[in-house]
Amino acid sequence: MAKKTYDLLFKLLLIGDSGVGKTCILFRFSDDAFTTTFISTIGIDFKIKTVELRGKKIKLQIWDTAGQERFHTITTSYYRGAMGIMLVYDITNEKSFENIVKWLRNIDEHANEDVEKMILGNKCDMSDKRTVSKERGETIAREHGIRFMETSAKANINIDKAFNDLAEAILDKTAGREPGDHVDRVLVDRKQQSNTSRSCCNN
Amino acid sequence: MAYRARLKEFDDVLDQEVIDLKKLKSLSFHGIPDDQGRRALCWRLLLNYLPTDKSQWPLFLQEKRQLYKQFIDEMVVMPGSQEGNGDVTEGDHPLSINPDSQWQTFFKDNEVLLQIDKDVRRLCPDISFFQQPTEFPCQEIVNSNDVKRLHTRVQRSVLKCANVERKGLGITKIALSIKKANEDYAPMTEGKEAHWEVVERILFLYAKLNPGQGYVQGMNEIIGPIYHAFACDPDITFREHAECDSFFCFTNLMSEIRDFFIKSLDETDHGINKMMSRMLVQLKNSDLDVWLKFQQLELKPQFYSFRWITLLLSQEFPLPDVLRIWDTLFSDESRFDFLIYVCCAMIVILRNKLLNGDFPSNLKLLQNFPPMDVQIILSKAVELSKQKN
């Protein structure tokens with residue numbers, strides 16, 4: 001076995017309609033690069049990146065999923081193990097925004113109850129083609145009590161921040177016992193706590 | 001010399017009045033020479049498109065090409081012109097809720113088209129072929145001021161993109177934006193058509209003709225290599241009809257693998273789950289250590305082999321290698337059993353790394369298969385297929 005080079009392991013999942021830029025977001029985050037020439041994701045893809053938060057080395061294991069309906073049986077099986085889910089829509093594509101509700105339902109059905117969620121309105125560099133206003137994104141996120149951000153994988157806007165914020169939110173939960181650490185956000189469910197710490201040691 | 005001898009072997013088989021398909025399969029299994037369109041011709045035979053009796057070819061091809069032209073007329077050209085004149089006097093109009101409304105169909109089709117459009121624009125991005133213009137565009141479509149072009153049906157309109165700035169209650173400013181074309185897939189000028197547009201049409205017609213299945217992501221990766229092989233044929237007549245011939249070959253191939261693409265058939269005998277579990281059983285037989293390691297890591301076949309099998313490995317290797325692998329897969333007497341051996345061979349070849357790797361590094365390795373001579377993989381697959389279990 002390789003020597004453990006990290007303190008915590010977080011499993012994240014990217015979901016959302018086909019073509020909203022999930023793979024590009026992940027690629028920007030993991031390889032700090034952008035390309036418009038991505039093949040479509042079939043089934044699931046997988047990337048790793050280690051970040052440092054509050055002096056802890058956190059290994060992010062990120063699953064990138066295919067957007068089309070056909071792949072849902074394959075992809076929903078990953079929801080259960082995920083500690084954080086990023087739900088992506090495209091600000092130039094109305095339909096992908098409307099489907100956010102559908103994706104949220106999917107999360108409710110298949111994911112752990114207190115999985116950390118985040119909504120991302122991607123392609124925010126394309127303001128000339130925007131059809132979904134930032135306010136609408138904020139509103140739906142507020143209604144569901146979820147974090148929200150507009151991002152651009154192309155212009156590298158908020159990509160690192162999105163992953164860091166999500167990781168931090170999970171860290172708050174798992175390390176919520178430590179006094180003084182973001183007390184305002186601690187929301188610990190005992191059951192989840194034991195679940196997550198167990199899955200941390202899996203790999 | 002050996003290569004020339006191989007060419008001759010192929011020509012001997014292909015020159016017969018009635019082609020011996022069994023012989024052709026046993027030859028093609030070891031790879032079809034790229035020269036002089038032999039691959040395209042052999043694939044037409046191996047995919048049961050061309051009849052083995054060559055005397056039937058002229059009439060057969062004429063009929064197929066006629067039929068294909070009819071498909072285009074009925075499903076692409078006519079609906080396209082309808083949109084152009086916008087006649088609402090016949091009781092059918094864009095807002096009609098009548099299920100028989102042609103407008104309803106038109107809008108439903110556009111949903112399918114939208115998905116196809118996204119995918120064909122990201123087909124084989126490592127080569128520029130699909131962005132190049134074809135020598136043989138569909139004339140009715142490219143000389144129609146764009147109204148019949150499929151991708152224009154799903155282009156988002158300029159008005160929708162206007163920037164509206166609000167101040168207080170009223171709209172104060174509407175900034176009309178200038179539409180920017182996607183650099184890589186800029187629309188061709190009147191009279192020209194890119195290869196990706198041709199592929200888009202093939203997939204659209206397939207989805208229209210197979211409404212129960214429609215279009216599923218990944219089908220673009222199946223038609224891509226076939227169309228590429230056909231559109232690069234040195235024979236001008238074959239090249240001219242690459243679209244039609246690849247459509248029918250694709251349809252034939254899909255009839256054998258379509259279950260992989262249908263969610264409700266996942267658990268059936270020819271569904272993707274069955275294929276993956278067969279692969280796992282084979283792996284257990286071929287290399288117990290790796291199988292145990294995967295068990296221990298809980299590294300499930302869905303994580304890597306779902307894509308391998310569904311796409312017949314077309315996303316795992318560069319195009320020339322995919323063509324070579326498909327020569328063998330198409331020559332498999334019991335399609336697609338050999339694919340399972342190829343998948344196992346890919347794993348067994350990496351066994352040293354896999355046995356020492358942890359979950360993430362192993363999965364990364366399997367999802368990004370390292371570049372290697374595909375001949376090594378295929379030989380290993382043959383070896384595994386001959387082992388007694």
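The structure displayed is predicted, hence computed values, not measured ones.
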Which atoms of B:Q367 approach chain A - backbone, side chain, both or neither, heavy atom under 4.5 Å: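 Only the side chain of B:Q367 comes within 4.5 Å of chain A.
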
Interface moiety of B:I272 toward chain A, non-hydrogen atoms closer than 4.5 Å: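 It is the side chain, since no backbone atom gets that close.
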
Whether A:W63 and B:F359 hold their rings parallel, tilted or perpendicular, with breakpoints at 30° and 60°: tilted

Under 3.5 Å: donor-acceptor pair, side chain of B:Q302, backbone of A:G43: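 Such a contact is absent between B:Q302 side chain and A:G43 backbone.
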
Minimum-distance pair of heavy atoms, taken over all atoms of B:K263 and A:R70: CD-O, 3.5 Å

Closest-packed option against chain B by number of heavy-atom pairs under 4.5 Å, given A:S18, A:G67, A:S133, A:A66: A:S18

Partner chain A: residue of B:D119, B:L363, B:N368 with the largest heavy-atom pair count (under 4.5 Å):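 Looking at each of B:D119, B:L363, B:N368 in turn, B:L363 comes out on top.
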
Side chain to side chain contact (heavy atoms under 4.5 Å, CB included) partner of B:R307, chosen from A:T41, A:I44, A:I42: A:I42

Qualifying residue for side chain to side chain contact (heavy atoms under 4.5 Å, CB included) with A:S40, from B:R121, B:Q217, B:K118, B:Q115: B:Q217

Centroid separation A:Y78 to B:F303 less than 6.0 Å: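 Ring centres of B:F303 and A:Y78 closer than 6.0 Å.
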
Contacting moiety of A:D45, where chain B heavy atoms sit under 4.5 Å: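 Both backbone and side chain of A:D45 come within 4.5 Å of chain B.
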
Residue part contacting chain B, namely of A:K59, when any heavy atom lies under 4.5 Å: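 For A:K59, the side chain is the part near chain B, not the backbone.
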
CD1-CG distance between A:I48 and B:D358, expressed to the nearest 0.5 angstrom: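 Between atom CD1 of A:I48 and atom CG of B:D358 there are 8.0 Å.
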
Nearest-0.5 Å distance, NZ of residue A:K95 to CD of residue B:E111: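 One gets 4.5 Å once the value is rounded to the nearest 0.5 Å.
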
Evaluation steps, side-chain contact (heavy atoms from CB on, under 4.5 Å), between A:F71 and B:F306: CA-CA 10 Å; A:F71 304 104; B:F306 178 86; 3.5 Å; yes

